[in-house]
Amino acid sequence: GIQVEQSPPDLILQEGANSTLRCNFSDSVNNLQWFHQNPWGQLINLFYIPSGTKQNGRLSATTVATERYSLLYISSSQTTDSGVYFCAVGTNFGNEKLTFGTGTRLTIIP
Amino acid sequence: DTAVSQTPKYLVTQMGNDKSIKCEQNLGHDTMYWYKQDSKKFLKIMFSYNNKELIINETVPNRFSPKSPDKAHLNLHINSLELGDSAVYFCASSHRQIYGYTFGSGTRLTVV
């Protein structure tokens, strides 16, 4: 099956800093999503981005499908950005199974 | 509120018992899923239903049986619970044409 690797596994930053999270995948995908799991366990969909670039406020994401990676940018970090960020990919049209990466744990220090 | 709702939020039970987790979505999505998150936070799909039809059944013990009475509901029944079943179980939904998932808030199952 497809392999999804995320880096770095852990990231500790001061409030206000910027960060880049990376997701590498081993095969062509037709579905790529970024999720944030907050400290209370809730999984929030950030982006559906199988290719191209999207922005939502302080967050943006870019997927370069031909090179099999995606990047999530967080600017001007806030303590509420803390949590685990997951990249998840899907490879089959008509079968919406997502394979998740192991996540990046982000801790923002005030 | 439009959402994916799971009940119960917490479930503590003894080994050998049978339990159910319920999930409902009012987003008009046609596909629903069950995912399991283990103690190391790894998320893995268990089942997927599209319009009440089972389309994904990963290698899950047959003690786990999903049931979808209609496309807005997907329940998970677990027989003969084992210690290793302790995890957080997430329900999610999506629509084929949109592909973005919406997750429920999770059910933390603890088997003692």
Side-chain angles (χ1 to χ4, degrees), chain A residues 1-6 8-11 21 23 25 29-52 54 56 59 61 63 65 70 82-107, chain B residues 1-6 8-10 23 25 27 29-51 53-60 66 71 74 87-110:
Chain A
I2 191 167
Q3 304 299 311
V4 183
E5 294 181 358
Q6 292 186 241
D10 290 280
L11 191 54
L21 282 58
C23 172
F25 42 94
V29 300
N30 66 298
N31 189 342
L32 189 146
Q33 300 182 41
W34 283 96
F35 296 89
H36 174 217
Q37 186 165 37
N38 64 25
W40 297 271
Q42 180 71 37
L43 278 160
I44 308 296
N45 190 304
L46 299 175
F47 293 104
Y48 165 71
I49 186 165
S51 63
K54 288 186 178 179
N56 184 2
L59 273 61
T63 298
S70 183
S82 294
V84 182
Y85 289 80
F86 290 102
C87 168
V89 302
T91 59
N92 292 317
F93 283 107
N95 174 341
E96 286 76 26
K97 163 185 168 180
L98 288 181
T99 298
F100 279 75
T102 51
T104 292
R105 180 176 296 278
L106 177 65
T107 304
Chain B
D1 286 347
T2 53
V4 178
S5 306
Q6 282 181 243
K9 192 168 176 62
Y10 300 96
C23 180
Q25 56 94 5
L27 298 163
H29 290 167
D30 59 5
T31 307
M32 296 184 72
Y33 314 83
W34 281 110
Y35 277 77
K36 179 179 180 180
Q37 186 172 43
D38 63 21
S39 58
K40 296 184 178 177
K41 297 283 194 180
F42 185 64
L43 279 152
K44 186 169 165 56
I45 192 164
M46 300 172 70
F47 301 103
S48 172
Y49 272 75
N50 177 261
N51 285 322
E53 179 187 351
L54 180 67
I55 56 172
I56 297 173
N57 183 348
E58 291 292 284
T59 50
V60 176
K71 71 174 188 177
L74 180 61
V88 181
Y89 292 84
F90 283 97
C91 177
S93 70
S94 73
H95 191 277
R96 288 190 175 215
Q97 281 70 45
I98 299 174
Y99 292 112
Y101 273 37
T102 301
F103 276 91
S105 56
T107 296
R108 182 175 293 277
L109 172 65
T110 303

J.: Taking all atoms of both residues into account, what is the closest heavy-atom pair of Phe42(B) and Phe100(A), and its distance?
T.: CE1-O, 3.6 Å
J.: Kindly write out the residues that satisfy side-chain hydrogen bond (donor to acceptor under 3.5 Å, both in side chains) with Gln6(B), not counting sequence neighbours, or none if the list is empty.
T.: Thr107(B)
J.: Check whether more than 12 heavy atoms from other residues, nucleotides or ligands sit under 6.0 Å from atom CD of Glu58(B), and answer yes or no.
T.: yes
J.: The criterion is ring pair (Phe, Tyr, Trp, His ring centres under 6.0 Å); which residues satisfy it with Tyr85(A), sequence neighbours excluded?
T.: His36(A)
J.: Any side-chain heavy atom of Gln37(A) within less than 4.5 Å of one from Phe90(B)?
T.: yes
J.: When rounded to the nearest 0.5 angstrom, what is the spacing between CG in Leu43(A) and OH in Tyr101(B)?
T.: 11.5 Å
J.: Over all heavy atoms of both residues, which pair between Gly104(B) and Gln42(A) is shortest? Give the atoms and the distance, please.
T.: O-NE2, 3.8 Å
J.: Tell me, side chain or backbone of Phe47(A) under 4.5 Å from chain B's heavy atoms, or both, or neither?
T.: neither
J.: Looking only at atom types and distance, does a side-chain atom of Asn45(A) sit under 3.5 Å from a main-chain N or O of Thr102(B), one as donor and one as acceptor?
T.: no
